[in-house]
Amino acid sequence: MNVPFNDLRAQYNTIKPEIDDAIGRIVESCAFIGGPAVASFEENFAKFVGVDHCVGLASGTAALHIAMTALDIGPGDEVITSPWTFIATTEAISQTGATVKFVDCRLSDGCLDPDQLEAAITPRTKAVIPVHIFGHPADMDPILEIAQRHGLAVIEDAAQAHGARYKGRNVGSMGRVSCYSFYPGKNLGAYGDAGGIVTDDQELGDRIRLLRDHGRTTKYEHITEGYAYRLDGLQAAILDVKLRHLDDWTRGRRRFAAMYDELLADVPGVVPMSPQGDVHHVYHLYVVRVPNREVILPQLQAKGVGAGVHYPISLHLQPAYATMGLGAGAFPNSEKLAEEVISLPLYAEMDEKAPAHVASVLKELVGARA
Ligand SMILES: Cc1ncc(COP(=O)(O)O)c(C=O)c1O
């Protein structure tokens, strides 16, 4: 049995008429940039997160960049995040001219460790970006409390966590502003690049709207320089259709994740990264830790299990950040995860028998190495 890591075509097949109709309408109307589809998706996604405003953007990276720009973060400022994330989080910080400051993640959930946050704050720190990595909410209460005490903006990186909840509160509704990616493989994915920010702060939302479209107030009037960071009509129409199915897909992901949890619970040498505390994990990825990952992974793949690694290198050890001078040992939890993690196949349309098959192959491989 071959089990792919993900299958976007299988998802498309379940909603083909709706998607084809939505695409057809945009092409007919020629509302390619902005227009009613963008406004509709923004309204629906804001409702989904339970906040007042959503601004559709060109990508999750653009969302992070524009959120910080709108908060006047720039050269001389420091922004804290975890090295256990995709490089977009830190790229966006650097794009503003601010400096990236890392705080290690927790081994248990891969999210920024609140216990290490305060020690990293300096008079130059302006913001902290907790990343809800793999769909697991960061431990927001202590992060919000520390940020408030030090006057820092909290920017949620919810790129992987559409619909997740922390102690009953929606991910995306807790920070000053929250950033989403709708990259095709995400839990809510467009058919190209797309992203968005959500916030309850109307002034901030308005500023982001202005900045996303060249700072224009009318067609040829620009009160500031901005960016070409708009969400396009086709992507918005596709996202609006897919948003209607997101809760079902999340239920599917969570059901398969629960199967994996049960199947892998007592397998020596396999540590699933299971939910920590009162969280509603949306499993953008189902991740386990195994020893000898470098040996196990190619064998898994050779047996038709489309497993992946997110992420093989902690950000502080990436060549791109060599100038930070942070060597091995600087962030032990992030480094350990980078050495041990494997992401198993997981998507709502997966074959019912896939989790049992994947778990048995993994069990056999890990057992053979014990
Ligand atoms: C944690 C995280 N932040 C930000 C991004 C950036 O999103 P995009 O690829 O839409 O620019 C991603 C997407 O891969 C991500 O996983």
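We count ligands from 1, going down the list as the structure has it; atoms in each ligand are counted the same way.
The cluster map of Ile, Leu, Val, Met, Phe, Trp and Tyr, joined by side-chain heavy atoms under 4.5 Å apart, puts Val309 and Phe5 in the same cluster.
Across Ala161, Ala92, Ser181, heavy-atom proximity to atom 10 (O) of ligand 1 is greatest for Ser181.
Other residues, nucleotides and ligands contribute only 12 or fewer heavy atoms inside 6.0 Å of the CZ atom of Arg25.
Interatomic distance, His53 NE2 to Glu203 CD, rounded to the nearest 0.5 Å: 10.5 Å.
Near Thr89, with a cut-off below 4.0 Å to any heavy atom, the atoms of ligand 1 are 3 (N). Interface atoms of ligand 1 facing Ser59, defined by a heavy-atom separation under 4.0 Å, are 10 (O), 11 (O). Set against the non-hydrogen atoms of Phe86, the atoms of ligand 1 under 4.0 Å away are 12 (C), 13 (C), 14 (O), 15 (C), 16 (O). Applying the 4.0 Å criterion to heavy atoms of Val131 picks out, from ligand 1, the atoms 1 (C).
Between Ile238 and Val241 the shortest side-chain heavy-atom distance does not fall below 4.5 Å.
At a heavy-atom distance under 4.0 Å, only side-chain atoms of Asp157, from C-beta outward, approach ligand 1. Residue contacts with ligand 1 for Ile133 are absent, since no atom lies close enough (heavy atoms, distance under 4.0 Å).
Considering every non-hydrogen atom in both Ser40 and Asp240, the closest pair reads OG-OD2, 2.5 Å. Nearest heavy-atom pair across Ala359 and Leu264 is CB-CD2, 3.9 Å. The shortest heavy-atom contact between Asp232 and Ile33 is CB-CD1, 4.3 Å.
Nearest protein heavy-atom neighbour of atom 14 (O) of ligand 1: Lys186 NZ, 2.7 Å. Scanning the protein for heavy atoms near atom 16 (O) of ligand 1, the closest one is Gln160 NE2, 2.8 Å. Scanning the protein heavy atoms around atom 15 (C) of ligand 1, the nearest turns out to be Ala159 CB, 3.6 Å. When only non-hydrogen protein atoms are considered, atom 5 (C) of ligand 1 lies nearest to Ala88 CB, 3.6 Å. In this structure, the protein non-hydrogen atom closest to atom 11 (O) of ligand 1 is Thr61 OG1, 2.5 Å.
Residue contacts with ligand 1 include Thr85, since one of its heavy atoms falls under 4.0 Å from the ligand.
Checked by atom type and distance alone, the side chain of Gln301 pairs as donor or acceptor with a backbone atom of Ala307 at under 3.5 Å. Although no hydrogens or angles enter the test, the distance criterion places a donor-acceptor pair under 3.5 Å between the side chain of Gln235 and the main chain of Tyr191.
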